[in-house]
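Working notes, beginning with the structure itself.
Counting convention: from 1, in listed order, for ligands and their atoms alike.
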Amino acid sequence: MLLIGLTGSIATGKSTVSSILSSPPYNLPIIDADLLARKVVEPGTPGYRAIVSHFGPTTPDLLLPAGPDLPENGPDGKGRPLNRPALGRRVFGQDEAVKKDRAKLNSIVHPAVRREMFYAVLRAYLRGERAVVLDVPLLFESQLDRYCGMVMVVAVKDPQVQMARLRARDPHLSEEDARNRVKSQGDVRDKARRAERRDRGKGLVVWNDGGREELTEEVRRAWEEVERWSPRWWGWVLLGCPPAAVGLALWGVLMNFRINKAWAAEEGERAKAKL
Ligand SMILES: CC(C)(COP(=O)(O)OP(=O)(O)OC[C@H]1O[C@@H](n2cnc3c(N)ncnc32)[C@H](O)[C@@H]1O)[C@@H](O)C(=O)NCCC(=O)NCCS
Ligand SMILES: Nc1ncnc2c1ncn2[C@@H]1O[C@H](COP(=O)(O)OP(=O)(O)OP(=O)(O)O)[C@@H](O)[C@H]1O
C-alpha cells in the first residue's frame, strides 16, 4: 500500500486537494491529522487533561463558557470543550514564549495523533486499499515524511493568494491573527522545493495559484505521476505477500532517511552561504 503524505501550509489548498482525491475517479481514503488532532483533545481524553492542567492556570478563557446550552462540567460531565481560538492565540506567533507554548502543545497532541494515524493506516492496509492519503499540515516538521512513499505538497507561488484565501475562509481572524498563523508554519515554497528534491516518483508539487478547474487538472497530472511510479498491480503483489510489504516499507524509510540527511546538509550550506 502506498502512503501519500499530503502537506502544504495554512490555506494553500490541502483540504481541497484531499476532497478531490477522496472522490471519483480516485476514491482514496484520507487520514486527516487536523481531525485526529481534534479527537485526541476531546473532553475526557488524556490530551484534554494535559492541556487543561498546563494552560488552564494562565488562560482564563481556555474552555468554552458555561451557559444555558453548556453545563459547567460539559454535556457529559467530562469537562467543557476547549476554546480553540483562545488556545490558538496562546500558541500561534513568533515570540519566544509563544513558541515555547506551541512546542508544549505539540508535545501533548502529536504523539497521540501519530498513534491514531498508525491504527488508521493499519486498518486501511487490512482492507486492501491500494493507497492512502495522510493529510498532515506539519508533515516535514513532525518527520512523518520518513514513512511516506510519496510526498505531495500543495503550494502557492504568491503569498498574497494564501493570505486572501485564509481571510476569506476564516473571516473571524483579525489580519494579525491570520499573519501569525501563516508565520507559524514554514514557507510553503520551501516545502515545495523539498518535495522536488526527493527522488523521482517520491515527491510532487501541486501548484494552486489558479482557479478550481486548474487545480483539478493539476491533481490529475499528479495522479498520473503516482500511477507511473507505483502501478496498481504492484499494490496487489504487496498485499499478497506481507513480508515483501514490510521489507519494502523498511527500505523506503531508509531511503527517506538518506534523502532527509542530504536535504539537511544542503540547507546547512545554503544558510552558511547567506551569512
Ligand atoms: C491551537 C489549536 C487549538 C487552534 O485550533 P483552531 O481550530 O483555531 O485552528 P485549526 O486547528 O483549524 O488550525 C488552523 C491552521 O493552523 C495549523 N496548525 C495547527 N496547529 C499548528 C501548530 N502546532 N503549528 C503550526 N501550525 C499549526 C493547522 O494545520 C491549520 O492549518 C489547534 O490548531 C491545535 O490543537 N494545534 C496543535 C495540534 C497540531 O499541531 N495540529 C496540526 C496537525 S497534527
Ligand atoms: N484553486 C482554488 N480556487 C479558489 N479557492 C480555492 C482554491 N483552492 C482552495 N480554495 C479555497 O481556499 C481556502 C483554503 O483552502 P483549504 O481549506 O483547502 O486549505 P488548507 O490548506 O486545507 O488549509 P488549512 O491548513 O488551514 O486547513 C478554502 O476556502 C478553499 O475553498
Side-chain angles (χ1 to χ4, degrees), residues 5-22 30-42 45 47-48 50-52 54-55 59 61-64 81-94 98-117 120 133-144 152-158 160-174 177-188 191 206-219:
L6 181 70
T7 192
S9 283
I10 185 164
T12 57
K14 295 174 299 293
S15 308
T16 311
V17 169
S18 69
S19 92
I20 296 174
L21 289 174
S22 67
I30 311 290
I31 300 173
D32 183 329
D34 277 342
L35 278 186
L36 294 180
R38 283 168 191 263
K39 184 177 158 198
V40 299
V41 299
E42 277 170 4
T45 58
Y48 174 83
I51 289 173
V52 171
H54 183 84
F55 292 96
T59 318
D61 55 352
L62 182 67
L63 303 181
L64 292 179
L82 296 173
N83 177 355
R84 299 180 64 87
L87 185 53
R89 279 189 289 278
R90 283 290 305 264
V91 303
F92 292 130
Q94 293 305 303
V98 169
K99 281 187 184 168
K100 216 167 141 202
D101 283 340
R102 186 157 73 241
K104 177 67 193 175
L105 181 65
N106 288 348
S107 76
I108 296 171
V109 178
H110 290 182
V113 169
R114 275 199 290 270
R115 208 168 27 247
E116 292 286 326
M117 225 170 226
V133 177
L134 300 184
D135 180 346
V136 190
L138 306 178
L139 188 83
F140 291 121
E141 296 84 338
S142 56
Q143 300 184 337
L144 283 168
M152 213 182 258
V153 171
V154 187
V156 288
K157 289 180 178 145
D158 181 354
Q160 283 179 2
V161 171
Q162 182 181 10
M163 187 57 104
R165 286 192 183 145
L166 175 60
R167 299 290 313 276
R169 188 194 60 187
D170 297 341
H172 59 281
L173 294 179
S174 69
D177 283 346
R179 245 198 320 270
N180 280 335
R181 285 182 178 225
V182 170
K183 282 193 191 145
S184 296
Q185 297 195 0
D187 188 323
V188 76
K191 295 186 183 184
V206 173
W207 292 108
N208 186 23
D209 291 84
R212 285 170 194 279
E213 278 179 19
E214 282 168 70
L215 178 62
T216 308
E217 184 50 29
E218 272 282 294
V219 172

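Heavy-atom contacts of Q185 reach the following atoms of ligand 1: 16 (O), 17 (C), 18 (N), 25 (C), 26 (N), 27 (C), 28 (C), 29 (O), 30 (C), 31 (O) (cutoff under 4.0 Å). Under a 4.0 Å criterion applied to the non-hydrogen atoms of R38, ligand 1 contributes the atoms 7 (O), 12 (O). Applying the 4.0 Å criterion to heavy atoms of S184 picks out, from ligand 1, the atoms 25 (C). When each atom of ligand 1 is checked for a heavy atom of V91 under 4.0 Å away, the hits are 1 (C). Atoms of ligand 1 lying under 4.0 Å from at least one heavy atom of L87, given by number and element, are 3 (C).
Residue contacts with ligand 1 for N106 involve side-chain atoms from C-beta outward but no N, CA, C or O (heavy atoms, distance under 4.0 Å). Looking at L36 against ligand 1, nothing comes within 4.0 Å, counting heavy atoms. Only the side chain of L138 comes within 4.0 Å of ligand 1, counting heavy atoms alone; its backbone N, CA, C and O stay farther away. The part of H110 lying near ligand 1 is the side chain, judged by heavy-atom distances below 4.0 Å.
Atom 18 (O) of ligand 2 has T16 OG1, 2.5 Å as its closest protein atom, hydrogens excluded (heavy atom only). In terms of protein heavy atoms, atom 20 (P) of ligand 2 is closest to K14 N, 3.5 Å. Of the protein's heavy atoms, R212 NH2, 2.8 Å lies nearest to atom 31 (O) of ligand 2.
For D101, the side chain to side chain donor-acceptor pair (under 3.5 Å) test picks out R90, with sequence neighbours left out.
L82 has its side chain within reach of L62: a pair of non-hydrogen atoms, C-beta onward, lies under 4.5 Å apart.
At least one N or O atom of A11 sits closer than 3.5 Å to an N or O atom of ligand 2. Considering backbone and side-chain atoms together, R181 places an N or O closer than 3.5 Å to an N or O of ligand 1.
Here R212 does not pair with E217 in a salt bridge; the nearest charged N to carboxylate O distance is not below 4.0 Å.
Atom 34 (C) of ligand 1 has its nearest heavy-atom neighbour, among L105, D177, I51, in L105.
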